[in-house]
*Asks:* 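Provided herewith is a single structure, encoded as structure tokens, for subsequent inquiry.
Quick caveat: nothing in here was measured; it's all calculated off a predicted structure.
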2 protein chains.
Amino acid sequence: MLQDLNGRSQPEYLPLVREGGDEAAQRGRGRPRDEVARGRILTAALEILEEAGFANTTADAIAERAGASKATIYRWWPNKGAVLIEALREQVAQETPFPDTGDVARDIREQLSDFIALLTGRRGRIFKAFIAAAQSDAEFADAFRQVWIRPRREQAQALLRKHIVEGRLPADTDLEVVMDAIYGPIYFRLLAGHAPLTAEFAEGIATMALQALLNSGV
Amino acid sequence: MLQDLNGRSQPEYLPLVREGGDEAAQRGRGRPRDEVARGRILTAALEILEEAGFANTTADAIAERAGASKATIYRWWPNKGAVLIEALREQVAQETPFPDTGDVARDIREQLSDFIALLTGRRGRIFKAFIAAAQSDAEFADAFRQVWIRPRREQAQALLRKHIVEGRLPADTDLEVVMDAIYGPIYFRLLAGHAPLTAEFAEGIATMALQALLNSGV
DNA sequence: AATTTTCGAAACTTATTAGTACCGTAAATG
DNA sequence: CATTTACGGTACTAATAAGTTTCGAAAATT
């Protein structure tokens, strides 16, 4: 089984949310942090990652594009990786949730075609870069799973679980396997690049999964 | 399969094998290349890649473990990547081909459980490292596809095509999609690491694929 | 024996980049 | 206005690693 569920999602270096309305007292006396610059840094990091890949996403390049100082970056993040992880988190937070159509086939088809649309857009390179980096950096691997993979899977599983409860899918459906069966092939083409990520491909994978799901118990 | 039964996949800059028994004329005058050292270098490269990942597979580390000189490496390979690609090629050439059981279900189940056994062994890290490197290096991406992905897929497809011809699978089966449907989920778990690569997982994916394949046209 | 080519070892050059330190200035508080 | 903290810019340090060169010795040919 999985060794997830151990919580621990927040990196320690992020300021924890503090209660109370007295922001001034929290900020202390001096010049406050430039939140606009923070946004520019995160945006620049992700843009460079998209355009030039992980190896070329240097601290200098981020600073230059953001119109910020490298010192500002290291003032707020402990290292370069932390910038990219936080940038990914903000990017993921803007993703729209899955539609709930009430129909198993439509749910799965829409999930996969939406996902392919996401990956073939500019942001596909972000996921490629993160998965690549995760292979040699455990911190990236954890972050990618916690920030992207796990929430996405839980959301998708929740939808399918509803179909199980309401009797449209067999009770013994193994949702973990189903998740990998429908998303794994798409990630595989993204990463190996041996064949294109087309709508037809998404449709083929969805059809196979649906045939397996709907014909199994009966 | 690879085209390495005769010329043993020599890089172009090496003198091609010429016919005739006159080996002396081929070699020229000086000390001949140390083929044993060549083997040690390739083995060392792959071992370090397995143990320490791509980032730590440095030219110095390879030379040290091989008991060779870095100058010898660069005497025969244009760069570090070429060493790793040739090492992968030799490794792949030693893989045993798929068994042909004559039964669709057994064929697919054995392919997947063999593949998981391969990936969970020492060599799983090799594939992880290559796919990761491929994301930022087009040369690696091409090499990985040509040396590993493509031959493997063609071999697996050939087996399934036989089942189509002999009527055990529908004639309109899209083998490209099927390949990704059964191998994609395994690569996905290997690379994302969100769940373990177990025999049960292979069995679940195989079962789903078989239900889709065998229940489709009918 | 003379010549040619390779070998291992090690020093070396060159390039890149993460992260730090310092500057004068800007924006906040008290 | 004095103090505090953050800012952009830039120079700097330190570490790493790819690839080259040099050297004396080894293994081959002629």
*Asks:* D:dT20 P sits how many Å from B:Arg75 CZ, rounded?
*Replies:* 12 Å
*Asks:* Output the rounded distance in Å from OH (A:Tyr74) to P (C:dT17).
*Replies:* 12 Å
*Asks:* Both B:Ala63 and A:Asn79 contact DNA chain C. Taking the nearest nucleotide for each, which residue is further toward the 5' end?
*Replies:* B:Ala63
*Asks:* In this structure, how many angstroms lie between the P atom of D:dA17 and the CG atom of B:Leu84, rounded?
*Replies:* 14 Å
*Asks:* B:Trp77 has an atom CH2; how far is it from atom C1' of C:dC7, in whole Å?
*Replies:* 13 Å
*Asks:* Can a cation-pi geometry be assigned to A:Arg33 and A:Trp76, taking NZ or CZ under 6.0 Å from the six-membered ring centre and within 45° of the ring axis?
*Replies:* yes
*Asks:* Taking for each residue the nucleotide of DNA chain D with the nearest heavy atom, is it A:Ile41 or B:Lys70 whose nucleotide lies nearer the 5' end?
*Replies:* A:Ile41
*Asks:* Identify which nucleotide among C:dT3, D:dT10, C:dT6 has an atom closest to any side-chain atom of A:Ser69, counting heavy atoms from C-beta outward.
*Replies:* D:dT10
*Asks:* Look at the side chain of B:Pro32 and decide which nucleotide, out of D:dA28, C:dG19, D:dA6, has an atom nearest to it.
*Replies:* D:dA28
*Asks:* To the nearest Å, give me how far apart CZ (B:Arg65) and C1' (C:dG8) are.
*Replies:* 18 Å
*Asks:* Distance check: side-chain N/O of B:Trp76 vs OP1/OP2 of C:dT6, anything under 4.0 Å?
*Replies:* no
*Asks:* If you look at every heavy atom in B:Leu84 and B:Phe130, which pair is closest and at what distance?
*Replies:* O-CZ, 3.4 Å
*Asks:* Taking the ring of B:Phe127 and the ring of B:Phe115, is the distance between their centroids below 6.0 Å?
*Replies:* no
*Asks:* In whole angstroms, how far is the P atom of C:dT16 from the CG atom of A:Asn56?
*Replies:* 11 Å
*Asks:* For B:Asp60 and for B:Arg31, find the nucleotide of DNA chain D with the closest heavy atom, then tell me which residue's nucleotide is more 5'.
*Replies:* B:Asp60
*Asks:* Tell whether A:Arg29 reaches the base of D:dT3 with its side chain through a donor-acceptor pair below 3.5 angstrom.
*Replies:* yes
*Asks:* Considering just the side-chain nitrogens and oxygens of A:Arg40, establish if one lies under 4.0 Å of OP1 or OP2 belonging to D:dG8.
*Replies:* yes
*Asks:* Counting only heavy atoms from other residues, nucleotides and ligands, does the tally under 6.0 Å from NZ of B:Lys162 exceed 12?
*Replies:* no
*Asks:* If I take atom CZ in residue A:Arg38 and atom C1' in nucleotide D:dC7, what distance separates them, rounded to the nearest angstrom?
*Replies:* 17 Å
*Asks:* Does A:Thr72 get its side chain close enough to the base of D:dA6, under 3.5 Å, for a donor-acceptor pair?
*Replies:* no
*Asks:* Return the value, rounded to whole Å, for the distance between atom CG of A:Asp137 and atom P of C:dA18.
*Replies:* 13 Å
*Asks:* Just to be sure I understand the rule, does B:Ala71 reach a base, reach only the sugar-phosphate, or reach nothing, if contact means heavy atoms closer than 4.0 Å?
*Replies:* base
*Asks:* Please answer whether the main-chain N or O of A:Pro196 pairs with a side-chain N or O of A:Arg189 as donor and acceptor at a distance below 3.5 Å.
*Replies:* yes
